[in-house]
Amino acid sequence: MNPNKVDRNHLLRLTDLPNVGPACEKDLRRIGIRVPAHLAGRDPYDMYAQLCLRTGVMHDPCVIDVFLSVVRFMQGEPPRPWWDFSAERKQTMARENLAPR
């Protein structure tokens, strides 16, 4: 969903979250996340690793940005576009020597 249209009081489905459409919903379900509440305490980088492992494909690292956006939103941060998290992801991955960049 477009971050500008998110209603924190209406979070029943994964697609009610910022930046989550049908494709991302499918990815989240692949790693066992069925409802927004399942994001509590999750690590977006670990979620990405799980997704790549389960699908056997290295997904675009921008998926991490989306995962960062939804986890942070569920922690109480305001909804933000996924690309707001790209610089943070790149810095974290460079610092941790994680691939992909």
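No experiment lies behind these values; they were computed from the predicted model shown.
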Determine yes or no for a side-chain-to-main-chain donor-acceptor pair under 3.5 angstrom, with [X] supplying the side chain and [Y] the backbone.
X     : Y     : answer
Tyr48 : His59 : yes
Arg13 : Val35 : no
Asn19 : Arg80 : yes
Arg54 : Arg30 : yes

Looking only at non-hydrogen atoms, find the nearest pair between [X] and [Y] and report the distance.
X     : Y     : value
Met58 : Cys52 : CA-SG, 3.9 Å
His10 : Asp16 : O-CB, 3.5 Å
Phe73 : Pro78 : CD1-C, 4.1 Å
Trp82 : Ser69 : CA-CB, 4.4 Å

- Message: Please determine whether side-chain contact (heavy atoms from CB on, under 4.5 Å) holds for the pair Ile33 and Leu39, giving the CA-CA distance in whole Å, both sets of side-chain angles, and the decisive distance to 0.1 Å.
- Response: CA-CA 7 Å; Ile33 297 169; Leu39 291 162; 3.6 Å; yes
To the nearest 0.5 Å, what is the distance between [atom1] on [X] and [atom2] on [Y]?
X     : Y     : atom1 : atom2 : result
Asn9  : Leu11 : CG    : CG    : 8.0 Å
Cys24 : Phe67 : SG    : CZ    : 5.5 Å
Leu12 : Asp7  : CG    : CG    : 9.5 Å
Met1  : Leu17 : CE    : CG    : 8.5 Å
Asp65 : Arg89 : CG    : CZ    : 4.0 Å

- Any chance you could lay out the side-chain contact (heavy atoms from CB on, under 4.5 Å) test for Phe85 and Arg72, step after step, and finish with the verdict? CA-CA 10 Å; Phe85 296 89; Arg72 298 280 179 75; 3.7 Å; yes
- Could you give me the CA-CA distance, side-chain angles and deciding distance for Val70 and Arg42, then say whether side-chain contact (heavy atoms from CB on, under 4.5 Å) is met? CA-CA 10 Å; Val70 295; Arg42 297 296 298 261; over 6 Å; no
- Message: Are Ile64 and Val66 connected into the same hydrophobic cluster when the rule is that any two of I, L, V, M, F, W, Y join if their side-chain heavy atoms are below 4.5 Å apart?
- Response: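 In one cluster with Val66: Ile64, no.
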- Message: Would Leu28 and Met47 count as a side-chain contact (heavy atoms from CB on, under 4.5 Å) here? Give the steps.
- Response: CA-CA 8 Å; Leu28 290 168; Met47 291 166 56; 3.7 Å; yes
